[in-house]
Amino acid sequence: MAGKSGQGTIASLAAAYFMENSPERRQSSDPYCLDPPDSQSVFFPLRGPDGRDLLRIHFNKALKKWSIPSIMAPVNTRVVRRSNALLHHSYGSDFSYEEFAEVPNVFVAGIALVMLTLSCALFLCKPLYPIINRLLPYLGSDPEKIIQGGGHWNSTMVGETEEQAGHKSQLVLLKMKSKRDPGFWETSRLLLESALCLALQEDELKASGLKQGGVLTPATAMGMVLVRRIQKAGVSFDLQ
């Protein structure tokens, strides 16, 4: 991955940390806090196996790579779990989802984890807000176009099926990549393509049997219709 985070993104993350009070922070720390209240039933009494977010080093056996928690995991993971709940647990009642950022080796992972932990601790200390706020980039000072157009990113999703009687679990890899800056350009493009999908492909969305109203997620509102659209926009998907 190569690129530069949008300063607006950094400022928004910092503001979110500082603006949350203790009850809100406890609620948002629940890995299933975005699941609708009525998503559980007698058929799915458990929310899932995922616990609270932990700052830890992780070794992915399938990829043989070291990693640390992704900075966006506390947001992204909850959205994915909400998708599963809105789709009546079609991903599985025992569906589990986590996000990590790959690092070169365990030594770098240790250093990165310490830095991430210290950053989280600083953001949770409200008396330091005025000082940290001065050090953060000001809103509107986002990367130049040459930086936005010159980055790249790639992401690998590792899926493991449930083990069933007479059948071992299987691993499925999905590799995604793009030749654009991930922190600003790609985020803006995905937002734009999502808006165009909703505005211009209403009939196709209805024909796909997707949900038509409510507080939805990209997966439940647009699904594969959006995937095909962003593929045409330059994001590649390689299922292995």
Side-chain angles (χ1 to χ4, degrees), residues 1 3 6 8-9 12 16 28 31-44 47-48 50 70 72-99 142 145 148-149 151-162 170 172-240:
M1 177 182 293
T9 302
S12 297
S28 63
Y32 296 91
C33 64
L34 294 186
D35 282 20
D38 60 349
S39 64
Q40 298 186 49
S41 68
V42 294
F43 300 104
F44 298 103
R47 299 186 304 168
D50 289 327
S70 166
M72 290 303 298
V75 176
N76 296 342
T77 54
R78 285 150 178 75
V79 173
V80 173
R81 293 174 192 132
R82 179 176 176 83
S83 295
N84 186 37
L86 291 174
L87 294 172
H88 306 293
H89 299 85
S90 63
Y91 300 169
S93 58
D94 292 331
F95 172 75
S96 175
Y97 181 78
E98 294 181 292
E99 281 189 8
D142 289 298
K145 288 185 178 181
Q148 296 177 27
H152 67 270
W153 64 272
N154 62 77
S155 175
T156 302
M157 298 190 69
V158 181
E160 183 176 6
T161 62
E162 290 183 316
Q170 295 183 335
V172 179
L173 298 183
L174 174 63
K175 295 186 176 182
M176 300 170 287
K177 62 182 180 180
S178 173
K179 296 180 179 179
R180 292 291 188 181
D181 167 68
F184 189 81
W185 181 289
E186 202 64 71
T187 302
S188 301
R189 177 165 65 168
L190 292 177
L191 180 61
L192 174 61
E193 293 297 341
S194 297
L196 291 174
C197 182
L198 291 171
L200 304 178
Q201 297 178 266
E202 183 178 356
D203 292 339
E204 190 174 350
L205 292 173
K206 289 181 178 179
S208 298
L210 295 163
K211 292 183 176 294
Q212 299 297 308
V215 183
L216 305 179
T217 64
T220 57
M222 295 169 282
M224 290 303 297
V225 179
L226 177 61
V227 170
R228 290 190 289 269
R229 185 176 188 92
I230 60 179
Q231 279 182 307
K232 294 178 181 179
V235 179
S236 66
F237 294 78
D238 182 17
L239 184 62
Q240 300 178 0

Could you pull out all residues at least two apart from M157 that satisfy side chain to side chain contact (heavy atoms under 4.5 Å, CB included)? Y97, L174, M176

pair E193-L190: side-chain heavy atoms closer than 4.5 Å: no

Is the backbone N or O of L210 less than 3.5 Å from a side-chain atom of S208, with the two atoms forming a donor-acceptor pair by type? no

Salt-bridged, R229 to E204, with N to O below 4.0 Å? no

Going by the rule ring pair (Phe, Tyr, Trp, His ring centres under 6.0 Å), which residues pair with F95 if we only count those two or more places apart in sequence or in a different chain? Y91

Of all pairs that satisfy side chain to side chain donor-acceptor pair (under 3.5 Å), the ones with a partner from residues 215-226, not counting sequence neighbours: S83-T217, T217-T220

Tell me, do P31 and T77 make a side-chain contact under 4.5 Å, heavy atoms counted? no

Mind checking side chain to side chain contact (heavy atoms under 4.5 Å, CB included) for S194 and listing every partner two or more places apart, or none if nothing turns up? M222, L226

With a 4.5 Å heavy-atom cut-off, do P36 and R82 have their side chains touching? yes

Counting only heavy atoms from other residues, nucleotides and ligands, does the tally under 6.0 Å from CD of Q212 exceed 12? yes

To the nearest 0.5 Å, tell me how far K179 NZ sits from N154 CG. 12.0 Å

Hits for side chain to side chain contact (heavy atoms under 4.5 Å, CB included) against E162, two or more places apart or cross-chain, chain-then-number order -> D94

In short, Q201 meets V225 closest at the heavy-atom pair NE2-CG1, 3.6 Å

Atom CD in E99, atom OG in S155: separation rounded to 0.5 Å? 7.5 Å

Quick one: side chain to side chain contact (heavy atoms under 4.5 Å, CB included) partners of Q240, sequence neighbours excluded? L173, K175, D238

How long is the straight-line distance from CD1 of I230 back to CG of L196, given to the nearest 0.5 Å? 12.5 Å

Does atom CD of E202 have more than 12 heavy-atom neighbours, drawn from other residues, nucleotides or ligands, at distances under 6.0 Å? no

